[in-house]
Structures are given as structure tokens and as C-alpha cells.
Amino acid sequence: MHTVTLFDGTPLPVMGLGTWTMGGRSHPDPSQDARALQALAAAFAIGYTHIDTAEMYANGHAEELVGQALRGQDRRRFFLTTKVPYSVATRSYVRNGVVPYCQQHGIVVTAYSPVEEGRLRVKTALAEIAAQHGAAPYQIALAWLVNQPWVITIPMSHNPEHLQQNWDAATIALTPEQMARLDGLA
Ligand SMILES: NC(=O)c1ccc[n+]([C@@H]2O[C@H](COP(=O)([O-])OP(=O)(O)OC[C@H]3O[C@@H](n4cnc5c(N)ncnc54)[C@H](OP(=O)(O)O)[C@@H]3O)[C@@H](O)[C@H]2O)c1
């Protein structure tokens, strides 16, 4: 299998396995368990080691099935990727322990919908910190994410200006005081 080499030298297989609809769609559908487990076993036998999941797939059940399928396999050979709902305004994954757990164990967290699908409200703290940096408030919202250890993000935009702003946001270094102020926003 062709691989891309990550910066640390780790080879990541270019062909992964998606799991959307395995074990259900928006809700768990146990009648699909055997089918999903068979598919996962067949994939592992072929040589798939890169599995993409998302908590929303079958409301978490797809991830449970992947976990079940991985029992007995050499876990060190596998890449499991997933995504979590994380932004200045949305902290459920901090409250439920996922983000702290990943940060403590060196697991990269991908924050999707980092500007709340374009609906992130610009509160005073965000606006003031943006002014201090000569930046746009949404850039600060993105910088707040990527200034955290082990957190990356994937803002979507069709607008070239926004694309550039979002790209540049990765280089904005927030002070500990600014991070703490934004931590307190939710
Ligand atoms: N469950 C999942 O696995 C899951 C779910 C949702 C998303 N995702 C992934 O995560 C990606 C990002 O999440 P998302 O698309 O839901 O939400 P998002 O990135 O938070 O928001 C995208 C919206 O924000 C606007 N926007 C982006 N940058 C901006 C900026 N600098 N200033 C002003 N507006 C800006 C965009 O409009 P313009 O085009 O006008 O800039 C677009 O309408 C998705 O595209 C998808 O790849 C995964």
C-alpha cells in the first residue's frame, strides 16, 4: 500500500476505510452489527490499517464496532482517525474529557466546525484580542484552537479572503493571558 510519510517519519496508508453507515446511520442499528464486523474483518485481512470514524456515525456505534473488530489485532499497526464538535463556543468535548485525555496522551484532536459554520458570535473578548493582534475575530477563534497542544482544525471556506485569513491564523501566537480569557468564554 502506498503511504504518505508524516513529519515524524510515520508512513500513513493513502487508502483508508470509511465507516459511515457501519452499524447504522444517525442511530445504532444492531441488525447491521454482523455485516459491519464482517466488513471490518475482511478489510483487515486485505491489509487496511487506516480507519476513519466520527462520533456521529451511528451515534458512536460505528466507533464501538471498530473497537470490537480491533480486539486481537496488533493495535500498533493501525491508524484511527476521528473528528470532534470543538470551538470557542462549543466545549462539550472538554467537559466530557475527550480533549484533555487526548492532550495528556499525545493524540491529535481535529476540531471541525471551528467557526460554528460561520455563525460564531463575536463576543467582546474575541473582538478585543483581535484588535490587539490587528486580526479578524474569527482568526483569533482559530488561533485559540491551534495554540492548544495537540489540537488542529479544518475550517471550511469558499471565500479566498477567508481562506487566506484562516491560513494566516495558524501563525498568531496568543499570550497565556489571552488564552485564559478565551478559555473562559464558553
Ligand atoms: N462529523 C464530521 O465529521 C464533520 C462534521 C462537520 C464538518 N466536518 C468537516 O469539518 C469542516 C469544517 O466544518 P464546517 O464546514 O462544518 O464549519 P466551519 O469551518 O466552522 O464554518 C464554515 C463556514 O464559515 C465561514 N467561514 C470560514 N472561515 C471564515 C472566516 N475567516 N470569516 C468568516 N466566515 C468564515 C464559511 O463561509 P465562506 O465560505 O463565506 O468563507 C463557511 O460558511 C467541514 O467542511 C468538514 O470537512 C466534519
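FYI, the numbering just counts along the sequence from 1. Start at 1 and go down the list; that is how both ligands and their atoms are numbered.
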Side-chain heavy-atom pair [X], [Y] within 4.5 angstrom cut-off:
X	Y	result
T82	D52	no
E116	V88	no
W144	I129	no

Original post:
With backbone taken as N, CA, C and O and side chain as the heavy atoms from C-beta onward, which portion of Q165 lies under 4.0 Å from ligand 1: side chain, backbone, both, or neither?
Top reply: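 For Q165, only side-chain atoms sit under 4.0 Å from ligand 1.
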
**OP:** Just let me know how N166 lines up against ligand 1, side chain, backbone, both or neither, with a heavy-atom cut-off below 4.0 Å.
**Re:** side chain

Original post:
Of I51, T53, T19, which meets side chain to side chain contact (heavy atoms under 4.5 Å, CB included) against E63?
Top reply: T53

Original post:
For P155, is at least one N or O under 3.5 Å away from an N or O on ligand 1?
Top reply: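 Checking ligand 1 against P155, no N or O pair falls under 3.5 Å apart.
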
Original post:
Is any N or O atom of V115, backbone or side chain, closer than 3.5 Å to an N or O atom of ligand 1?
Top reply: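 Yes; the residue has a nitrogen or oxygen that sits under 3.5 Å from a nitrogen or oxygen of the ligand.
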
[atom]: nearest protein contact (heavy atom, Å):
atom	answer
atom 39 (O) of ligand 1	H158 N, 2.7 Å
atom 40 (O) of ligand 1	H162 ND1, 3.7 Å
atom 3 (O) of ligand 1	K83 CE, 2.5 Å
atom 9 (C) of ligand 1	I154 CD1, 3.7 Å

Original post:
If Ile, Leu, Val, Met, Phe, Trp and Tyr residues are connected whenever their side-chain heavy atoms lie under 4.5 Å apart, and connections chain through other members, are Y112 and V98 in the same group?
Top reply: no

Subject >> Distance-only donor-acceptor check, side chains D29 and S31, under 3.5 Å >> reply: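 Checked: D29/S31 side chains pair up, N/O donor to acceptor below 3.5 Å.
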
Original post:
Can you name the closest pair of heavy atoms from Q178 and A173 and give their distance?
Top reply: OE1-O, 4.5 Å

Original post:
So, for Y48 and F78, which heavy atoms are closest and what is the spacing to 0.1 Å?
Top reply: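 Result for this residue pair: O-CE2, 3.4 Å.
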
Check each of [options] against [atom] and report the one with the nearest heavy atom.
atom	options	value
atom 5 (C) of ligand 1	Y112, W167, Y138	Y112
atom 16 (O) of ligand 1	S157, P85, G118, S113	S113
atom 19 (O) of ligand 1	R119, Q164, M156	M156
atom 21 (O) of ligand 1	Q139, E161, E117	E117

Original post:
Counting each atom of ligand 1 from 1 as listed, which ones have a heavy atom of M56 under 4.0 Å away?
Top reply: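 Counting from 1, the qualifying ligand atoms are 1 (N).
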
**OP:** Measure from atom 46 (C) of ligand 1 to the protein's non-hydrogen atoms and state whether any distance is below 4.0 Å.
**Re:**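 Under the 4.0 Å cut-off, atom 46 (C) of ligand 1 has no protein heavy-atom neighbours at all.
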
**OP:** Would you please name every residue forming a salt bridge (charged side-chain N to carboxylate O under 4.0 Å, His left out) with R75, sequence neighbours left out?
**Re:**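 Counting only residues at least two positions away or on another chain, R75 forms no salt bridge (charged side-chain N to carboxylate O under 4.0 Å, His left out).
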
